[in-house]
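One structure follows; several queries about it will come next.
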Amino acid sequence: MIQIKNYITENKERFLNELIELLKIPSISADPAYSKDVITTAKFVEKSLQEAGCENTEICETKGHPVVYGEKIIDKSLPTILVYGHYDVQPPDPMELWDSPPFEPVIKTTELHPEGAIFARGSCDDKGQMYMHVKAVEFMIKNNELPCNVKFMIEGEEEVGSDSLADFLEDNKEKLSNDIILISDTGMIANDVPSITTGLRGLSYVEVEVTGPNRDLHSGIYGGAVPNPINVLSKMIASLHDEDNHITIKNFYNKVVEVSAEERAEMAKAPFNLEDYKKALDIGDVQGEKGYTTSERYSIRPTLDVNGIWGGYTGEGAKTVIASKAYAKISMRLVPHQEPDEITELFTKHFESIAPKGVKVKVTPHHGGLPYVTNMDSLGYKAAAKAYEATFGKTPIPERTGGSIPIVALFEQVLESKTILMGFGLDSDAIHSPNEHFGVWNYLKGIETIPYFYKYFVELHKA
């Protein structure tokens, strides 16, 4: 498929300019102030699908932000690939930490991206990676290289939990029917070490509230005599791990299945330098569950982390109060067979049970998601591996990642479809953080590699 390289060379500037225009639109799904920008982005994506050669494009209304749909059906007897992505982005805060405005994209060279990287919110997660698929399909349609049917479903609520997507899938099962789902919302190990994400952790996310006295109190008059909710909450949180960093919630590990020694050995082939890891994060040492390596701790083991904690006076200067309430947000990353609703219930019972007398505890569940694992013997995985081999010249490494994409498990439940995760970003691309970026090389390499997945998936499907 030499033609794809020529097509990319001829259209490189246009591909970059189109993506830059898309990145300029602040499609922040979490903030109602940007609702019009979200709609503008949906219209941009629909127009891009039309220009790529897709048909029956539409902006599908949901109870939240819309889903953009498009398709190219060349022969109903051929396999169908459903491409999923999202056009919404995270809020850019804190703004002062950006080196350039988050919605004014610029291309700058970096040590890891000597050919330049696009700095903007959403460049890697997920506008840049989603748009690779639009351009790859554009190439295949315009050069008569599309070997099967393709459908696009690009949503606008991924960054706020995809609340509308379950209903959308249920209502559109026939429209979305497919043989496999293709997603680029993950990364790879390095530009010279391609990898395929074979596992995603699930998620249980809760907010806790601890209430002591019925009002804020003077810490001099009442200190030492009444329960301090902030002190109590801190002790409760500290007790959620033991000295081996094992989570202490009763029955938390009941359904956790140990990853085989063979798969752990395969995962260990991924290059990892502990000293470089610590240096990059500016930390003195690592920590985590005893008996596992650092890379295993953030990928194949469940975790519990406090994402935010607050209460009392946090302004300038001093205000000597014992707060009436203290709060924390806590996320638990889950591994296969752990169910978010069950884990949330276990957490709630445990947290309530360890609360001392004198305080009241409230646990509020937020969004969650199921974990997901890809079978490495599947046609989809084999096709993806052959695609990477064709463009990178080496076999990709299977990699389980610590992040969560709840929609993947939902796809399997509702559409009964398997998913392949072909990511082209790097861990260093600062997604969800200031100065998010996506390498120009990575963007173009994705466009080059994706058509090979179509080619090999169809060939393997026929065999």
Side-chain angles (χ1 to χ4, degrees), residues 1-8 15 79 81-85 112-113 115 124 126 128-137 139-140 145-148 150 179-200 263 265-272 295 299 372-401 403 405 408 418-429 438-461 463:
M1 208 179 288
I2 299 174
Q3 209 172 0
I4 180 65
K5 286 191 173 183
N6 295 335
Y7 193 79
I8 291 172
F15 288 173
I81 295 172
L82 174 64
V83 176
Y84 164 84
L112 291 177
H113 299 291
E115 296 183 27
C124 182
D126 179 47
Q129 297 212 70
M130 173 270 290
Y131 209 66
M132 296 183 310
H133 289 271
V134 179
K135 297 296 98 179
V137 167
F139 158 76
M140 288 186 283
E145 294 271 7
L146 184 65
C148 62
V150 61
D179 292 277
I180 197 162
I181 298 169
L182 184 59
I183 300 177
S184 294
D185 196 12
T186 52
M188 59 183 182
I189 295 170
N191 285 354
D192 60 348
V193 186
S195 58
I196 300 173
T197 300
T198 57
L200 296 164
E263 186 171 351
E266 196 67 23
M267 291 170 55
K269 293 179 181 178
F272 179 82
S295 55
S299 61
Y372 184 80
V373 174
T374 296
N375 183 351
M376 292 168 58
D377 291 327
S378 68
L379 296 184
Y381 183 88
K382 290 177 180 177
K386 287 170 68 70
Y388 281 103
E389 288 167 2
T391 59
F392 285 80
K394 56 180 68 175
T395 301
I397 293 172
E399 182 186 34
R400 291 205 194 186
T401 66
I405 308 179
V408 174
K418 295 293 184 180
T419 295
I420 290 298
L421 299 158
M422 295 180 66
F424 293 87
L426 302 179
D427 286 346
S428 56
D429 287 345
F438 188 37
V440 171
W441 184 90
N442 303 71
Y443 174 53
L444 301 178
K445 200 68 174 178
I447 298 171
E448 178 188 352
T449 305
I450 289 164
Y452 283 96
F453 175 82
Y454 284 69
K455 168 183 165 62
Y456 293 126
F457 183 74
V458 173
E459 289 179 2
L460 290 167
H461 199 271

Where is the tightest heavy-atom contact between Leu112 and Asn191, given as atom of each residue plus distance? O-ND2, 3.9 Å
Check step by step if side chain to side chain contact (heavy atoms under 4.5 Å, CB included) holds for Leu200 and Leu421. CA-CA 10 Å; Leu200 296 164; Leu421 299 158; 3.6 Å; yes
Give a yes or no answer on whether the side chain of Tyr372 reaches the backbone of Thr419 with a donor-acceptor pair at less than 3.5 Å. yes
Could you tell me whether the side chain of Tyr454 reaches within less than 4.5 Å of the side chain of Leu146, counting heavy atoms only?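 The answer is yes; the side chains approach within 4.5 Å.
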Under 4.0 Å between a side-chain nitrogen and a carboxylate oxygen: does that hold for Glu263 and Arg400? yes
Stepwise side chain to side chain contact (heavy atoms under 4.5 Å, CB included) check, Ser299 with Met267: CA-CA 10 Å; Ser299 61; Met267 291 170 55; 3.7 Å; yes
For the student: nearest non-hydrogen atoms of Ile180 and Lys418, plus distance: CG1-O, 3.6 Å
Cation over ring face, Lys445 and Phe424, 6.0 Å, 45°: no
Gln129 side-chain N/O to Thr186 backbone N/O, donor-acceptor pair under 3.5 Å: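 Yes.
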Can you check side chain to side chain donor-acceptor pair (under 3.5 Å) on Glu389 and Thr395, steps first, answer last? CA-CA 5 Å; Glu389 288 167 2; Thr395 301; 3.1 Å; yes
Heavy-atom side-chain proximity of Gln3 to Phe139 below 4.5 angstrom: yes
Do Ile420 and Phe453 have side chains that get closer than 4.5 Å, going by heavy atoms? yes
So, Ser184 side chain and Met422 main chain: donor-acceptor pair closer than 3.5 Å or not?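 Answer holds: yes.
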Worked verdict on Thr391 versus Thr449 for side chain to side chain donor-acceptor pair (under 3.5 Å): CA-CA 6 Å; Thr391 59; Thr449 305; 2.8 Å; yes
Once rounded to the nearest 0.5 Å, what's the spacing between atom CE of Met130 and atom NE2 of His133?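 Between atom CE of Met130 and atom NE2 of His133 there are 10.0 Å.
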From Met376 atom CE to Tyr381 atom OH, the distance as rounded to the nearest 0.5 Å: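 Atom-to-atom, Met376:CE and Tyr381:OH are 4.0 Å apart.
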Can you name the nearest heavy-atom pair linking Asp126 to Gly85, along with the distance?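 Scanning both residues completely, I find the closest heavy atoms to be OD2-CA, 3.5 Å.
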Kindly give the heavy-atom pair with the smallest separation between Gly187 and Ser195, and that separation in Å.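 So the two residues come closest at O-OG, 4.1 Å.
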So, do His113 and Val440 sit near enough that their side-chain heavy atoms are less than 4.5 Å apart?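 When only atoms from C-beta onward are counted, Val440 and His113 do not touch, as no gap falls below 4.5 Å.
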Using a 4.5 Å cut-off on heavy atoms from C-beta on, say whether the side chain of Ile397 contacts that of Pro271.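 They are in side-chain contact.
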Mark yes or no for whether Tyr443, through its side chain, and Phe15, through its backbone, hold a donor-acceptor pair below 3.5 Å.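 Here the side-chain-to-backbone pair exists.
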Could you grab the distance from atom NZ of Lys455 to atom NZ of Lys386, nearest 0.5 Å is fine? 8.5 Å
Applying side chain to side chain contact (heavy atoms under 4.5 Å, CB included), run through Ile189 and Leu426 and close with a yes or a no. CA-CA 7 Å; Ile189 295 170; Leu426 302 179; over 6 Å; no
For the student: nearest non-hydrogen atoms of Ile196 and Ala385, plus distance: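 Scanning both residues completely, I find the closest heavy atoms to be CD1-N, 3.6 Å.
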Validation row: Lys5, Glu448 side chains within 4.5 angstrom (heavy atoms): yes
Donor-acceptor under 3.5 Å (Ser378 side chain, Asn375 main chain):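 Yes, because the side chain of Ser378 sits within donor-acceptor range (under 3.5 Å) of the backbone of Asn375.
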Are Phe457 and Cys148 packed together at the side-chain level, in the sense that at least one heavy-atom pair is separated by less than 4.5 angstrom? no
Please give me the minimum heavy-atom distance between Met140 and Pro147, naming the atom from each residue. SD-CD, 4.2 Å
Rounded distance [0.5 Å steps], CD1 in Ile183 versus OH in Tyr84: 6.5 Å
Within 6.0 angstrom of Asn6 CG, more than 12 heavy atoms from elsewhere: yes
Are His461 and Asp179 side-chain neighbours, meaning at least one heavy-atom pair lies under 4.5 Å? yes
Show the numbers, then the answer: is there a side chain to side chain contact (heavy atoms under 4.5 Å, CB included) between Asp192 and Lys394? CA-CA 9 Å; Asp192 60 348; Lys394 56 180 68 175; 4.3 Å; yes
